[in-house]
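To keep things clear, I will list the structure first and then write my remarks on it.
Index from 1, following the sequence.
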Amino acid sequence: MYDKGFLLFDASPFLYIGYNASLYMLKSETHPFFLEKTKQIIQSKVMQCLDYAEMQCNEILPVFCYDGFPQWKQELQKGTYKENRSPLSSKYKSILKAEMKKYPGLHFYNKDEEADDLICTVKQKLIKKFGITKESNVRFYIFTRDNDLLQLCDSKTVLYDPAKDVGLKDERYLEQKFGISNFKKLVLYKICFGDPSDNIVGIFKGKRRKPILEMINSVKNYSEFYSNELVLPQVDEAKRLEKVIHLKKDCELSTKIFNDFNSSDIFGERKWMNF
């Protein structure tokens, strides 16, 4: 058992899972029980994640992060960042976000940042606040559908997809899905091959994957990557894409939350999750 588990929730996927599942079952937003059903599904998915972490940890701390609109990423992508995403109606999004914010735990939002960047920043702040080292008996759990957050995985951090019954995305998933063996090289993979979900076109779109994957797996750092003969002809574009893909560790958050919260009031078992 781990002493403590830090549960980092990317809130948006839970909203979409609840909304789309209700729409599938009830056929219309106008159904009299549509909103209630959506809330129930979201709650069940949050509880599923809590179950998963509680089986492995003595105490847990849920942290919920909410999407803002990253204008700086839009500018880097010339206004096309995530343009293919299907929208959730603003009416339901605001209602469902308000419901999630009732869940006990820490809640973070920055209008200029995405949830995945907030999660990266929050993880770093929690490591500092609790003095977490390689020897600490703790585990970070990231609950999201977004593969961008795989770049945060390591020996103390796992990613769990709430839309799946067995949602753990581990080293085996990384190898099968991307053909790479190190979570930290996910950024290099996306620079090379792109990411349709974020409307990112990789520098090697349409090229043979095998030699490029071999190069990604062989380089030891970004310097070696950018100086590789395959990358050099498009190094400027590669560096631009890195800025879009690489998660931020320095988002502006309320320092008061980290400085003032009493962990004994938030850490605990399910009994305080009064849904």
Side-chain angles (χ1 to χ4, degrees), residues 4-16 46 49 60-83 85 88 93-94 96-98 100-101 103-132 138-154 156-160 162 183-188 190-191 195 197-200 222 239-261 263 266:
K4 287 180 169 58
F6 299 92
L7 283 56
L8 308 179
F9 286 85
D10 178 3
S12 290
F14 290 85
L15 307 186
Y16 278 90
V46 172
C49 295
I60 58 173
L61 171 60
V63 182
F64 299 88
C65 294
Y66 302 84
D67 275 325
F69 184 81
Q71 184 62 46
W72 62 274
K73 285 191 178 182
Q74 285 289 100
E75 291 170 357
L76 278 172
Q77 280 293 88
K78 301 175 183 177
T80 64
Y81 188 66
K82 294 194 174 180
E83 68 176 4
R85 295 288 177 91
L88 176 64
K93 192 169 187 177
S94 59
L96 297 174
K97 280 175 66 176
M100 286 200 75
K101 288 180 180 179
Y103 295 174
L106 304 180
H107 294 262
F108 292 101
Y109 169 75
N110 181 321
K111 65 182 179 62
D112 299 315
E113 307 289 359
E114 287 186 300
D116 50 5
D117 289 308
L118 297 185
I119 286 172
C120 182
T121 298
V122 167
K123 182 185 175 186
Q124 297 305 310
K125 287 183 175 293
L126 288 171
I127 288 172
K128 182 176 180 180
K129 181 175 180 65
F130 290 94
I132 296 171
V138 303
R139 176 63 67 100
F140 286 90
Y141 300 87
I142 300 174
F143 299 108
T144 183
R145 303 223 68 199
D146 192 344
N147 278 334
D148 277 352
L149 284 158
L150 281 168
Q151 62 188 272
L152 297 184
C153 291
D154 51 36
K156 289 192 175 300
T157 310
V158 296
L159 188 147
Y160 186 93
F183 288 110
K184 296 187 183 302
K185 292 187 176 182
L186 183 66
V187 176
L188 302 184
K190 292 194 173 188
I191 290 172
D195 185 351
S197 68
D198 290 337
N199 205 40
I200 292 172
Y222 281 90
K239 289 182 177 180
R240 182 188 73 84
L241 291 175
E242 183 196 343
K243 292 178 182 178
V244 177
I245 299 164
H246 207 292
L247 299 180
K248 294 175 64 176
K249 299 180 180 179
D250 58 352
C251 296
E252 290 187 15
L253 298 175
S254 171
T255 55
K256 180 178 176 59
I257 294 178
F258 278 98
N259 294 337
D260 295 353
F261 86 83
S263 60
I266 301 178

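For the pair Thr157/Leu8, no side-chain contact is recorded, criterion being any heavy-atom separation below 4.5 Å from C-beta on. No side-chain heavy atom of Leu241 sits under 4.5 Å from any side-chain heavy atom of Lys190. Phe183 is not listed as a side-chain neighbour of Leu159, based on a closest heavy-atom distance of 4.5 Å or more. With contacts defined as side-chain heavy-atom distances shorter than 4.5 Å, the pair Cys65/Val122 qualifies. You'll find the side chain of Tyr141 stays beyond 4.5 Å of the side chain of Ile60, heavy atoms only. By the 4.5 Å heavy-atom criterion applied to side chains, Ile119 and Leu149 are counted as neighbours. Side-chain contact between His246 and Gln151 is present, with heavy atoms from C-beta onward closer than 4.5 Å. Between Tyr109 and Lys97 there is a side-chain heavy-atom pair separated by less than 4.5 Å.
Taking CD1 of Ile127 as the reference point, atom NZ of Lys249 lies at 8.5 Å (rounded to 0.5 Å). In this structure, Arg240 CZ and Ile191 CD1 are separated by 10.5 Å, a value rounded to the nearest 0.5 Å. Distance NZ/Lys123 to CG/Leu152: 5.5 Å, rounded to 0.5 Å. Atoms CZ and CG, on Phe140 and Leu61 in that order, are 9.5 Å from each other to the nearest 0.5 Å. Interatomic distance, CG of Leu253 versus CD of Gln124, reported as 12.0 Å (0.5 Å rounding). Atom CE of Met100 is separated from atom CZ of Phe9 by 7.0 Å, given to the nearest 0.5 angstrom.
Atom NZ of Lys101 has more than 12 heavy atoms from other residues, nucleotides or ligands within 6.0 Å.
The distance between the ring centers of Phe14 and Phe64 does not fall below 6.0 angstrom.
Between Asp146 and Asp10, the shortest heavy-atom distance links the atoms CB-OD2, 4.2 Å. Contact between Tyr66 and Leu118 at its shortest, heavy atoms only, is O-CD1, 3.5 Å. In terms of heavy-atom proximity, Thr144 sits nearest to Pro162 at O-CD, 3.4 Å.
Lys125 forms no cation-pi arrangement with Phe108, by the criterion of a distance under 6.0 Å to the ring centre and an angle within 45° of the ring axis.
Contact check on Asp67 versus Lys93 returns no salt bridge, with no Lys/Arg side-chain nitrogen under 4.0 Å from an Asp/Glu carboxylate oxygen.
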